[in-house]
Amino acid sequence: MAALIGKSWADEVDEDDTPAHDEGAAAAEDDDGPPPGFETPKLAGTASARSNSSNSTAAAAAAAAADAVAAELAGVKVSQEPSLDDPDLSIKSQQLVEAEDDGGPGEVKTVTQGDSFYTSAKSFEELGLSQELLQGLYTEMKFERPSRIQAQTLPMILTPPYRSLIAQAHNGSGKTTCFTLGMLARVDPKLQATQALCVCPTRELVVQNQMVLERMGKFTGISCMSTASADYATTRRTRITDQVVIGTHGKLRDWMQKRVLDVRNVAILVFDEADEMLKQDGFADDTVRMIKQLRTANPAIQILLFSATFNERVKRFATKILPDANQVFVPKEELSLDVIKQYRVNCPSGADKVKVLKDMIFPLCEKLGQTIIFVRTRDTARSLHEVMAADGHKCTSIRGGGGESGMDKTARDNVVKEFRDGTTKILIATDVLSRGFDVTQVTLVINFDVPVERDFRTPAFETYLHRIGRSGRFGRKGAAFNLVTGETERRVIDEIATYFKHDIPEVPYDDEERFVDVLRKAGLTDG
DNA sequence: AAAAAAT
(Lines give C-alpha, C1' and ligand atoms only; values in the text may rest on other atoms or scores of the structure.)
Protein backbone atom coordinates (compact mmCIF):
# COMPACT_ATOMS: atom_id res chain seq x y z
CA MET A 1 0.00 0.00 0.00
CA ALA A 2 2.77 2.34 0.85
CA ALA A 3 4.16 1.57 -2.54
CA LEU A 4 0.91 2.47 -4.17
CA ILE A 5 0.59 5.76 -2.45
CA GLY A 6 4.18 6.72 -3.04
CA LYS A 7 3.85 5.89 -6.67
CA SER A 8 0.53 7.55 -7.12
CA TRP A 9 1.49 11.08 -6.34
CA ALA A 10 4.88 10.73 -7.92
CA ASP A 11 3.36 9.49 -11.11
CA GLU A 12 0.90 12.30 -11.18
CA VAL A 13 3.51 14.89 -11.50
CA ASP A 14 5.71 15.56 -14.43
CA GLU A 15 9.39 15.25 -13.95
CA ASP A 16 10.00 18.95 -14.22
CA ASP A 17 7.06 19.86 -12.11
CA THR A 18 9.14 20.31 -9.07
CA PRO A 19 7.24 22.27 -6.56
CA ALA A 20 9.82 23.67 -4.32
CA HIS A 21 8.00 23.04 -1.27
CA ASP A 22 8.14 25.75 1.21
CA GLU A 23 6.17 28.38 2.78
CA GLY A 24 5.94 32.00 3.12
CA ALA A 25 4.31 34.05 5.70
CA ALA A 26 2.64 37.28 5.65
CA ALA A 27 3.07 40.29 7.69
CA ALA A 28 0.63 42.98 8.24
CA GLU A 29 0.84 46.26 9.77
CA ASP A 30 -1.44 48.70 11.33
CA ASP A 31 -1.58 51.65 13.52
CA ASP A 32 -2.89 52.16 16.97
CA GLY A 33 -5.28 50.15 18.89
CA PRO A 34 -3.90 48.25 21.78
CA PRO A 35 -2.64 44.92 20.58
CA PRO A 36 -4.26 42.07 22.40
CA GLY A 37 -2.32 41.38 25.54
CA PHE A 38 -0.05 38.44 25.99
CA GLU A 39 -1.94 36.60 28.64
CA THR A 40 -0.15 33.59 29.93
CA PRO A 41 -2.17 30.56 28.94
CA LYS A 42 -2.92 27.94 31.54
CA LEU A 43 -0.55 25.65 29.79
CA ALA A 44 2.39 27.86 30.62
CA GLY A 45 1.32 28.06 34.23
CA THR A 46 1.31 24.34 34.66
CA ALA A 47 4.61 23.87 32.95
CA SER A 48 6.65 24.79 35.99
CA ALA A 49 4.42 22.88 38.36
CA ARG A 50 4.90 19.93 36.08
CA SER A 51 8.62 19.81 36.58
CA ASN A 52 8.24 19.47 40.33
CA SER A 53 5.93 16.54 40.34
CA SER A 54 6.38 12.92 39.56
CA ASN A 55 6.40 11.78 36.00
CA SER A 56 2.97 10.25 35.81
CA THR A 57 1.35 13.09 37.68
CA ALA A 58 3.18 15.50 35.47
CA ALA A 59 2.01 13.79 32.34
CA ALA A 60 -1.57 13.80 33.55
CA ALA A 61 -1.34 17.43 34.55
CA ALA A 62 0.14 18.34 31.23
CA ALA A 63 -2.54 16.46 29.37
CA ALA A 64 -5.27 18.10 31.42
CA ALA A 65 -3.73 21.49 30.88
CA ALA A 66 -3.47 20.87 27.18
CA ASP A 67 -7.12 19.86 27.06
CA ALA A 68 -8.13 22.93 28.99
CA VAL A 69 -6.22 25.23 26.68
CA ALA A 70 -7.55 23.50 23.63
CA ALA A 71 -11.09 23.68 24.91
CA GLU A 72 -10.72 27.33 25.74
CA LEU A 73 -9.38 28.09 22.32
CA ALA A 74 -12.18 26.12 20.80
CA GLY A 75 -14.75 27.90 22.89
CA VAL A 76 -15.89 24.60 24.32
CA LYS A 77 -16.73 24.11 27.96
CA VAL A 78 -14.94 21.26 29.52
CA SER A 79 -15.36 19.49 32.83
CA GLN A 80 -12.63 19.17 35.41
CA GLU A 81 -11.41 15.89 34.06
CA PRO A 82 -11.98 16.01 30.37
CA SER A 83 -12.27 12.69 28.67
CA LEU A 84 -11.12 12.44 25.13
CA ASP A 85 -14.14 10.29 24.41
CA ASP A 86 -16.56 12.75 25.93
CA PRO A 87 -19.30 13.09 23.33
CA ASP A 88 -19.66 16.75 24.19
CA LEU A 89 -16.21 17.34 22.85
CA SER A 90 -16.73 15.53 19.64
CA ILE A 91 -17.30 17.44 16.49
CA LYS A 92 -20.88 17.03 15.51
CA SER A 93 -21.08 18.57 12.12
CA GLN A 94 -18.21 16.76 10.55
CA GLN A 95 -18.57 14.16 7.91
CA LEU A 96 -16.03 11.52 7.22
CA VAL A 97 -15.65 11.12 3.52
CA GLU A 98 -13.34 9.21 1.28
CA ALA A 99 -10.73 11.26 -0.42
CA GLU A 100 -11.63 12.52 -3.85
CA ASP A 101 -10.76 9.95 -6.38
CA ASP A 102 -8.14 11.87 -8.24
CA GLY A 103 -6.20 8.88 -9.38
CA GLY A 104 -4.62 8.10 -6.06
CA PRO A 105 -5.50 5.38 -3.60
CA GLY A 106 -8.22 6.36 -1.19
CA GLU A 107 -6.20 5.86 1.95
CA VAL A 108 -6.19 9.52 2.87
CA LYS A 109 -8.86 10.42 5.39
CA THR A 110 -10.62 13.67 4.77
CA VAL A 111 -13.02 15.38 7.12
CA THR A 112 -14.96 18.38 5.93
CA GLN A 113 -17.03 20.62 8.15
CA GLY A 114 -20.63 21.70 7.93
CA ASP A 115 -22.16 21.91 4.49
CA SER A 116 -18.88 22.49 2.78
CA PHE A 117 -18.14 20.37 -0.20
CA TYR A 118 -14.96 20.62 -2.16
CA THR A 119 -14.01 19.37 -5.57
CA SER A 120 -10.44 18.34 -6.16
CA ALA A 121 -8.68 20.82 -8.43
CA LYS A 122 -7.41 19.30 -11.63
CA SER A 123 -5.73 22.52 -12.66
CA PHE A 124 -4.62 25.78 -11.10
CA GLU A 125 -7.09 27.62 -13.35
CA GLU A 126 -10.03 26.24 -11.40
CA LEU A 127 -8.95 28.01 -8.27
CA GLY A 128 -9.91 31.55 -9.18
CA LEU A 129 -6.37 32.84 -8.81
CA SER A 130 -5.20 36.15 -10.23
CA GLN A 131 -3.36 36.21 -13.56
CA GLU A 132 -0.26 37.41 -11.73
CA LEU A 133 -0.33 34.45 -9.40
CA LEU A 134 -0.89 31.97 -12.23
CA GLN A 135 2.02 33.52 -14.05
CA GLY A 136 4.19 32.94 -10.99
CA LEU A 137 3.14 29.31 -10.80
CA TYR A 138 3.80 28.57 -14.46
CA THR A 139 6.62 30.89 -15.41
CA GLU A 140 8.62 31.16 -12.22
CA MET A 141 7.84 27.92 -10.40
CA LYS A 142 7.46 25.90 -13.61
CA PHE A 143 4.46 24.06 -12.19
CA GLU A 144 2.03 22.50 -14.60
CA ARG A 145 -0.73 21.21 -12.45
CA PRO A 146 -1.49 20.62 -8.79
CA SER A 147 0.04 17.66 -7.00
CA ARG A 148 -2.33 15.44 -5.11
CA ILE A 149 -2.19 17.31 -1.81
CA GLN A 150 -2.48 20.59 -3.68
CA ALA A 151 -5.49 19.45 -5.66
CA GLN A 152 -7.13 18.33 -2.47
CA THR A 153 -6.37 21.19 -0.09
CA LEU A 154 -6.25 24.29 -2.29
CA PRO A 155 -10.04 24.33 -2.82
CA MET A 156 -10.47 23.99 0.94
CA ILE A 157 -8.12 26.89 1.57
CA LEU A 158 -9.41 29.19 -1.16
CA THR A 159 -13.17 28.69 -0.96
CA PRO A 160 -15.23 30.91 1.32
CA PRO A 161 -15.92 30.89 4.20
CA TYR A 162 -12.19 30.16 4.36
CA ARG A 163 -12.31 27.43 6.96
CA SER A 164 -9.23 26.46 8.89
CA LEU A 165 -7.40 23.34 7.80
CA ILE A 166 -5.29 20.63 9.38
CA ALA A 167 -3.44 18.89 6.58
CA GLN A 168 -0.99 16.03 6.47
CA ALA A 169 0.87 14.94 3.37
CA HIS A 170 4.04 13.06 2.54
CA ASN A 171 7.44 14.65 2.68
CA GLY A 172 8.32 16.30 -0.59
CA SER A 173 4.78 16.22 -1.93
CA GLY A 174 4.31 19.98 -2.22
CA LYS A 175 2.82 21.18 1.05
CA THR A 176 4.69 24.46 0.90
CA THR A 177 2.95 25.37 -2.30
CA CYS A 178 -0.41 24.81 -0.61
CA PHE A 179 0.02 27.32 2.14
CA THR A 180 2.20 29.74 0.19
CA LEU A 181 -0.41 29.94 -2.51
CA GLY A 182 -3.06 30.21 0.17
CA MET A 183 -1.37 33.22 1.69
CA LEU A 184 -0.70 34.93 -1.63
CA ALA A 185 -4.25 34.38 -2.82
CA ARG A 186 -5.80 35.77 0.32
CA VAL A 187 -3.74 38.95 0.40
CA ASP A 188 -5.27 42.10 -1.03
CA PRO A 189 -2.37 43.60 -3.00
CA LYS A 190 -3.82 47.07 -2.60
CA LEU A 191 -3.88 46.98 1.17
CA GLN A 192 -0.52 47.94 2.59
CA ALA A 193 -0.78 45.97 5.80
CA THR A 194 0.23 42.58 7.05
CA GLN A 195 -2.49 40.15 6.04
CA ALA A 196 -0.80 36.77 6.23
CA LEU A 197 1.50 35.31 8.86
CA CYS A 198 3.55 32.11 8.73
CA VAL A 199 5.32 30.61 11.73
CA CYS A 200 8.15 28.08 11.33
CA PRO A 201 10.33 26.13 13.78
CA THR A 202 13.74 27.14 12.45
CA ARG A 203 15.53 30.06 10.86
CA GLU A 204 16.43 27.90 7.86
CA LEU A 205 12.78 27.18 7.13
CA VAL A 206 11.91 30.84 7.44
CA VAL A 207 14.52 31.69 4.83
CA GLN A 208 13.41 28.89 2.54
CA ASN A 209 9.73 29.72 2.79
CA GLN A 210 10.38 33.35 2.09
CA MET A 211 12.33 32.40 -1.02
CA VAL A 212 9.46 30.30 -2.29
CA LEU A 213 6.84 32.93 -1.52
CA GLU A 214 8.80 35.66 -3.24
CA ARG A 215 9.29 33.53 -6.33
CA MET A 216 5.68 32.43 -6.50
CA GLY A 217 4.43 35.94 -5.86
CA LYS A 218 6.97 37.55 -8.17
CA PHE A 219 4.36 39.14 -10.46
CA THR A 220 1.84 40.06 -7.78
CA GLY A 221 3.71 42.91 -6.19
CA ILE A 222 3.01 41.41 -2.78
CA SER A 223 5.78 42.19 -0.32
CA CYS A 224 7.22 39.86 2.26
CA MET A 225 9.24 40.35 5.43
CA SER A 226 10.81 37.63 7.54
CA THR A 227 12.49 37.45 10.90
CA ALA A 228 15.57 36.22 9.05
CA SER A 229 15.66 38.94 6.42
CA ALA A 230 14.69 41.82 8.66
CA ASP A 231 17.05 44.67 9.13
CA TYR A 232 17.32 44.45 12.85
CA ALA A 233 17.77 48.13 13.61
CA THR A 234 14.96 49.17 11.33
CA THR A 235 12.31 46.70 12.33
CA ARG A 236 12.81 47.47 15.96
CA ARG A 237 11.33 50.90 15.49
CA THR A 238 9.60 50.95 12.15
CA ARG A 239 6.21 49.43 11.73
CA ILE A 240 6.14 46.61 9.23
CA THR A 241 3.96 47.22 6.19
CA ASP A 242 4.79 44.04 4.30
CA GLN A 243 1.72 42.05 3.39
CA VAL A 244 3.21 38.71 4.31
CA VAL A 245 5.38 38.07 7.37
CA ILE A 246 7.29 34.82 7.95
CA GLY A 247 9.15 34.04 11.12
CA THR A 248 10.07 32.03 14.16
CA HIS A 249 8.15 32.33 17.40
CA GLY A 250 10.56 34.30 19.54
CA LYS A 251 11.09 37.21 17.23
CA LEU A 252 7.50 37.37 16.04
CA ARG A 253 6.33 37.66 19.61
CA ASP A 254 8.96 40.32 20.19
CA TRP A 255 7.70 42.29 17.19
CA MET A 256 4.12 42.01 18.34
CA GLN A 257 4.99 43.15 21.83
CA LYS A 258 6.89 46.11 20.48
CA ARG A 259 4.02 46.75 18.11
CA VAL A 260 6.33 46.67 15.16
CA LEU A 261 4.04 44.00 13.79
CA ASP A 262 0.35 44.80 13.72
CA VAL A 263 -1.83 41.73 13.35
CA ARG A 264 -5.23 43.37 13.05
CA ASN A 265 -5.46 42.74 9.33
CA VAL A 266 -4.09 39.21 9.39
CA ALA A 267 -6.66 36.99 7.74
CA ILE A 268 -4.60 33.83 7.43
CA LEU A 269 -2.20 32.28 9.92
CA VAL A 270 0.00 29.36 8.87
CA PHE A 271 2.01 26.94 10.97
CA ASP A 272 4.60 25.04 9.00
CA GLU A 273 5.69 21.73 10.57
CA ALA A 274 2.59 22.16 12.66
CA ASP A 275 3.00 19.06 14.81
CA GLU A 276 6.39 20.34 15.90
CA MET A 277 4.82 23.71 16.62
CA LEU A 278 2.24 22.02 18.86
CA LYS A 279 4.59 19.74 20.80
CA GLN A 280 4.04 20.04 24.53
CA ASP A 281 7.71 20.21 25.41
CA GLY A 282 8.41 22.50 22.51
CA PHE A 283 6.53 25.34 20.89
CA ALA A 284 3.01 24.52 22.12
CA ASP A 285 2.84 27.38 24.59
CA ASP A 286 4.01 29.91 22.05
CA THR A 287 1.70 28.58 19.38
CA VAL A 288 -1.36 28.57 21.62
CA ARG A 289 -0.58 32.10 22.74
CA MET A 290 -0.17 33.26 19.17
CA ILE A 291 -3.46 31.72 18.05
CA LYS A 292 -5.25 33.24 21.00
CA GLN A 293 -3.88 36.65 20.31
CA LEU A 294 -4.64 36.61 16.60
CA ARG A 295 -8.15 35.35 17.25
CA THR A 296 -8.72 38.24 19.56
CA ALA A 297 -7.74 40.57 16.76
CA ASN A 298 -9.72 38.64 14.15
CA PRO A 299 -12.11 35.92 15.36
CA ALA A 300 -12.68 34.69 11.81
CA ILE A 301 -8.99 34.17 11.09
CA GLN A 302 -8.18 31.19 8.90
CA ILE A 303 -5.57 28.92 10.43
CA LEU A 304 -3.62 26.33 8.45
CA LEU A 305 -1.66 23.52 10.10
CA PHE A 306 0.60 21.63 7.71
CA SER A 307 2.97 18.75 8.39
CA ALA A 308 4.02 15.35 7.10
CA THR A 309 3.53 13.92 10.57
CA PHE A 310 0.80 14.13 13.21
CA ASN A 311 1.04 11.53 15.93
CA GLU A 312 -2.18 10.65 17.72
CA ARG A 313 -1.54 12.92 20.66
CA VAL A 314 -0.76 15.98 18.57
CA LYS A 315 -3.64 15.17 16.26
CA ARG A 316 -6.05 15.23 19.20
CA PHE A 317 -4.60 18.49 20.41
CA ALA A 318 -4.78 20.07 16.97
CA THR A 319 -8.37 19.03 16.34
CA LYS A 320 -9.37 20.43 19.70
CA ILE A 321 -7.72 23.75 19.06
CA LEU A 322 -9.34 23.93 15.64
CA PRO A 323 -12.61 21.99 16.05
CA ASP A 324 -14.12 23.59 12.95
CA ALA A 325 -11.18 22.88 10.70
CA ASN A 326 -11.29 20.67 7.67
CA GLN A 327 -8.93 17.74 8.04
CA VAL A 328 -6.72 15.68 5.77
CA PHE A 329 -4.78 12.86 7.40
CA VAL A 330 -2.63 9.98 6.17
CA PRO A 331 -2.35 6.66 8.06
CA LYS A 332 1.17 6.24 9.44
CA GLU A 333 1.68 2.96 7.60
CA GLU A 334 1.29 4.89 4.35
CA LEU A 335 3.75 7.57 5.30
CA SER A 336 7.14 5.96 4.76
CA LEU A 337 8.04 6.64 1.17
CA ASP A 338 8.99 3.61 -0.86
CA VAL A 339 11.05 5.76 -3.19
CA ILE A 340 13.47 6.14 -0.31
CA LYS A 341 15.36 2.89 0.25
CA GLN A 342 16.23 2.42 3.90
CA TYR A 343 19.02 0.33 5.38
CA ARG A 344 20.74 -0.34 8.65
CA VAL A 345 24.49 -0.75 9.05
CA ASN A 346 25.44 -2.57 12.24
CA CYS A 347 28.70 -1.07 13.46
CA PRO A 348 30.59 -2.86 16.26
CA SER A 349 31.67 0.46 17.77
CA GLY A 350 31.25 4.19 17.37
CA ALA A 351 34.63 4.32 15.71
CA ASP A 352 33.29 1.98 13.05
CA LYS A 353 30.57 4.49 12.26
CA VAL A 354 33.27 7.00 11.40
CA LYS A 355 35.03 4.30 9.42
CA VAL A 356 31.89 3.66 7.37
CA LEU A 357 31.71 7.35 6.55
CA LYS A 358 35.37 7.49 5.55
CA ASP A 359 35.55 4.20 3.65
CA MET A 360 32.11 3.88 2.13
CA ILE A 361 30.15 7.11 2.03
CA PHE A 362 32.66 9.85 1.33
CA PRO A 363 34.51 8.03 -1.48
CA LEU A 364 31.21 7.43 -3.27
CA CYS A 365 29.80 10.90 -2.71
CA GLU A 366 30.78 12.28 -6.09
CA LYS A 367 28.36 9.87 -7.70
CA LEU A 368 25.68 10.39 -5.12
CA GLY A 369 24.38 13.88 -5.52
CA GLN A 370 24.33 15.42 -2.08
CA THR A 371 24.31 13.87 1.39
CA ILE A 372 23.11 14.99 4.80
CA ILE A 373 24.52 13.27 7.89
CA PHE A 374 22.31 13.66 10.95
CA VAL A 375 23.72 13.57 14.48
CA ARG A 376 22.04 13.96 17.83
CA THR A 377 23.96 16.78 19.46
CA ARG A 378 25.64 20.02 18.52
CA ASP A 379 28.86 18.71 19.95
CA THR A 380 28.80 15.66 17.72
CA ALA A 381 28.12 17.85 14.69
CA ARG A 382 31.16 19.93 15.50
CA SER A 383 33.53 17.13 16.45
CA LEU A 384 32.54 14.81 13.61
CA HIS A 385 33.11 17.65 11.20
CA GLU A 386 36.57 18.16 12.70
CA VAL A 387 37.44 14.49 12.50
CA MET A 388 36.42 14.23 8.87
CA ALA A 389 38.18 17.45 7.94
CA ALA A 390 41.36 16.37 9.73
CA ASP A 391 41.34 13.30 7.55
CA GLY A 392 41.07 15.37 4.40
CA HIS A 393 37.37 14.76 3.76
CA LYS A 394 35.57 17.83 2.56
CA CYS A 395 32.26 18.64 4.23
CA THR A 396 30.50 21.31 6.24
CA SER A 397 28.34 21.23 9.35
CA ILE A 398 25.44 23.13 10.81
CA ARG A 399 23.77 23.36 14.20
CA GLY A 400 21.40 25.71 15.90
CA GLY A 401 22.26 29.03 17.44
CA GLY A 402 22.27 30.35 20.97
CA GLY A 403 24.10 29.12 24.01
CA GLU A 404 27.66 28.12 24.37
CA SER A 405 27.81 25.53 21.63
CA GLY A 406 25.55 27.47 19.28
CA MET A 407 26.43 28.47 15.76
CA ASP A 408 26.43 32.00 14.44
CA LYS A 409 23.47 33.00 12.22
CA THR A 410 25.72 34.26 9.46
CA ALA A 411 27.70 31.05 9.51
CA ARG A 412 24.48 29.03 9.31
CA ASP A 413 23.27 31.09 6.38
CA ASN A 414 26.57 30.54 4.59
CA VAL A 415 26.61 26.80 5.14
CA VAL A 416 23.08 26.51 3.76
CA LYS A 417 23.87 28.74 0.81
CA GLU A 418 26.95 26.70 -0.14
CA PHE A 419 24.98 23.51 0.15
CA ARG A 420 22.18 24.85 -2.05
CA ASP A 421 24.75 26.04 -4.56
CA GLY A 422 26.20 22.56 -4.68
CA THR A 423 29.55 23.95 -3.61
CA THR A 424 29.50 21.46 -0.75
CA LYS A 425 28.28 17.91 -1.24
CA ILE A 426 28.18 16.58 2.30
CA LEU A 427 26.57 18.32 5.23
CA ILE A 428 26.66 17.23 8.86
CA ALA A 429 23.62 18.52 10.73
CA THR A 430 21.66 18.37 13.95
CA ASP A 431 17.89 18.15 13.79
CA VAL A 432 17.85 21.85 12.98
CA LEU A 433 17.64 20.63 9.38
CA SER A 434 15.57 17.49 9.90
CA ARG A 435 12.33 19.15 8.87
CA GLY A 436 11.30 20.86 5.68
CA PHE A 437 14.74 21.61 4.31
CA ASP A 438 14.35 21.22 0.59
CA VAL A 439 17.38 20.60 -1.59
CA THR A 440 16.49 18.57 -4.64
CA GLN A 441 19.97 17.18 -5.09
CA VAL A 442 19.97 15.39 -1.74
CA THR A 443 19.75 11.70 -2.50
CA LEU A 444 21.37 10.20 0.57
CA VAL A 445 20.63 10.63 4.26
CA ILE A 446 22.81 9.13 6.98
CA ASN A 447 21.56 8.72 10.51
CA PHE A 448 24.91 8.77 12.28
CA ASP A 449 22.88 8.68 15.48
CA VAL A 450 19.47 7.06 15.26
CA PRO A 451 16.75 9.52 16.28
CA VAL A 452 15.59 9.07 19.88
CA GLU A 453 13.54 11.09 22.32
CA ARG A 454 15.09 12.79 25.31
CA ASP A 455 15.06 9.58 27.30
CA PHE A 456 17.62 8.15 24.86
CA ARG A 457 15.61 4.99 24.28
CA THR A 458 12.22 5.88 22.82
CA PRO A 459 12.37 6.07 19.04
CA ALA A 460 11.68 9.54 17.64
CA PHE A 461 9.37 8.27 14.91
CA GLU A 462 8.45 11.62 13.44
CA THR A 463 12.03 12.81 13.41
CA TYR A 464 13.07 9.67 11.58
CA LEU A 465 10.52 10.23 8.86
CA HIS A 466 11.44 13.88 8.45
CA ARG A 467 15.16 13.15 8.32
CA ILE A 468 14.97 10.53 5.59
CA GLY A 469 12.47 12.76 3.80
CA ARG A 470 15.29 15.23 3.08
CA SER A 471 16.05 12.87 0.21
CA GLY A 472 13.60 11.68 -2.41
CA ARG A 473 12.13 15.13 -2.91
CA PHE A 474 9.05 15.07 -5.06
CA GLY A 475 9.30 11.53 -6.26
CA ARG A 476 13.04 11.49 -6.89
CA LYS A 477 15.32 8.69 -5.77
CA GLY A 478 16.60 8.54 -2.25
CA ALA A 479 18.33 6.28 0.24
CA ALA A 480 18.93 6.32 3.96
CA PHE A 481 21.57 4.51 6.02
CA ASN A 482 21.08 4.06 9.73
CA LEU A 483 24.39 3.50 11.52
CA VAL A 484 23.59 1.26 14.44
CA THR A 485 25.77 0.47 17.44
CA GLY A 486 24.60 -1.33 20.54
CA GLU A 487 21.40 -2.94 21.67
CA THR A 488 19.44 0.27 22.20
CA GLU A 489 20.02 1.62 18.72
CA ARG A 490 19.23 -1.77 17.24
CA ARG A 491 15.93 -1.90 19.09
CA VAL A 492 15.09 1.68 18.12
CA ILE A 493 15.51 0.88 14.44
CA ASP A 494 13.46 -2.30 14.85
CA GLU A 495 10.66 -0.33 16.44
CA ILE A 496 10.76 2.29 13.73
CA ALA A 497 10.53 -0.41 11.08
CA THR A 498 7.54 -1.94 12.85
CA TYR A 499 5.82 1.38 13.47
CA PHE A 500 5.86 2.36 9.82
CA LYS A 501 5.51 -1.24 8.62
CA HIS A 502 8.58 -0.77 6.47
CA ASP A 503 11.57 -3.10 6.28
CA ILE A 504 15.01 -1.74 7.10
CA PRO A 505 17.39 -4.48 5.90
CA GLU A 506 21.03 -4.73 6.90
CA VAL A 507 24.09 -3.87 4.87
CA PRO A 508 27.39 -5.22 6.30
CA TYR A 509 29.50 -2.31 7.48
CA ASP A 510 32.71 -3.55 5.90
CA ASP A 511 31.40 -4.78 2.57
CA GLU A 512 32.10 -2.11 0.00
CA GLU A 513 30.61 -4.10 -2.84
CA ARG A 514 27.32 -4.38 -1.03
CA PHE A 515 27.27 -0.61 -0.46
CA VAL A 516 27.79 0.08 -4.12
CA ASP A 517 25.22 -2.54 -5.01
CA VAL A 518 22.65 -1.15 -2.65
CA LEU A 519 23.16 2.40 -3.89
CA ARG A 520 22.81 1.22 -7.45
CA LYS A 521 19.60 -0.59 -6.63
CA ALA A 522 18.30 2.54 -4.92
CA GLY A 523 18.93 4.32 -8.20
CA LEU A 524 21.62 6.61 -6.85
CA THR A 525 24.53 5.43 -8.98
CA ASP A 526 24.88 4.03 -12.46
CA GLY A 527 27.73 1.65 -11.83
C1' DA B 1 20.68 13.47 29.65
C1' DA B 2 18.63 17.22 23.33
C1' DA B 3 17.33 20.27 19.46
C1' DA B 4 14.80 24.15 18.13
C1' DA B 5 13.72 29.66 19.40
C1' DA B 6 14.12 36.07 22.04
C1' DT B 7 16.97 39.05 24.55
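Per chain, numbering begins at 1; letters A, B, ... match sequence-line order.
- The pair A:Asp254-A:Lys258 counts as a salt bridge, with a side-chain nitrogen and a carboxylate oxygen less than 4.0 angstrom apart.
- Between A:Arg376 and A:Lys409, it is A:Arg376 whose nearest contact on DNA chain B lies nearer the 5' terminus.
- Whole-Å rounding puts the A:Met290 CE to B:dA5 P distance at 15 Å.
- Distance A:Gln257 CD to B:dA6 P: 13 Å, rounded to the nearest Å.
- Projected onto DNA chain B by closest heavy-atom contact, A:Gly250 and A:Asp455 fall at different nucleotides, the more 5' of which corresponds to A:Asp455.
- For the pair A:Met407 CE and B:dA4 C1', the interatomic distance rounds to 15 Å; values are reported in whole Å.
- When rounded to the nearest whole Å, the span between CZ of A:Arg399 and P of B:dA3 equals 11 Å.
- Side-chain rings of A:Phe329 and A:Phe310 approach one another, their centers coming within less than 6.0 Å.
- By the side-chain hydrogen bond (donor to acceptor under 3.5 Å, both in side chains) test, A:Thr423 pairs with no residue at all, sequence neighbours left out.
- Between A:Thr202 and the phosphate of B:dA5, there is no side-chain N or O to OP1/OP2 separation shorter than 4.0 Å.
- Within the 4.0 Å cut-off from OP1 or OP2 of B:dA4, at least one side-chain nitrogen or oxygen of A:Arg378 is found.
- In this structure, A:Phe456 counts as stacked on the base of B:dA1 under the 5.5 Å centre distance and 30° plane angle limits.
- Under 4.0 angstrom from either OP1 or OP2 of B:dA3 there lies no side-chain N or O belonging to A:Lys279.
- Residue A:Thr248 places at least one side-chain N or O under 4.0 Å from the OP1 or OP2 atom of B:dA6.
- Separating the CZ atom of A:Arg203 from the P atom of B:dA4 is a distance of 14 Å, rounded to the nearest angstrom.
- Per the geometry, CG belonging to A:Asp379 stands 9 Å off P belonging to B:dA2, to the nearest Å.
- Between the side chain of A:Asp281 and the base of B:dA4, no donor-acceptor pair of N or O atoms lies under 3.5 Å.
- Relative to the six-membered ring of A:Phe461, A:Lys332 misses at least one condition, a distance below 6.0 Å or an angle of at most 45° to the axis.
- Among the atoms of the strands shown, none is found under 4.0 Å from any heavy atom of A:Gly402.
- Screening A:Ile426, A:Val445, A:Asp449, A:Leu483 for a side-chain contact (heavy atoms from CB on, under 4.5 Å) with A:Ile373, the sole residue that qualifies is A:Ile426.
- Summarising the geometry, the separation between CZ on A:Arg435 and C1' on B:dA4 is reported as 11 Å, rounded to the nearest angstrom.
- A:Met277 has its CE atom 9 Å from the C1' atom of B:dA4, to the nearest Å.
- For the pair A:Arg412 and B:dA5, the criterion of a side-chain N or O lying under 4.0 Å from OP1 or OP2 is met.
- Side chain A:Arg454 to base B:dA2: a donor-acceptor pair is found below 3.5 Å.
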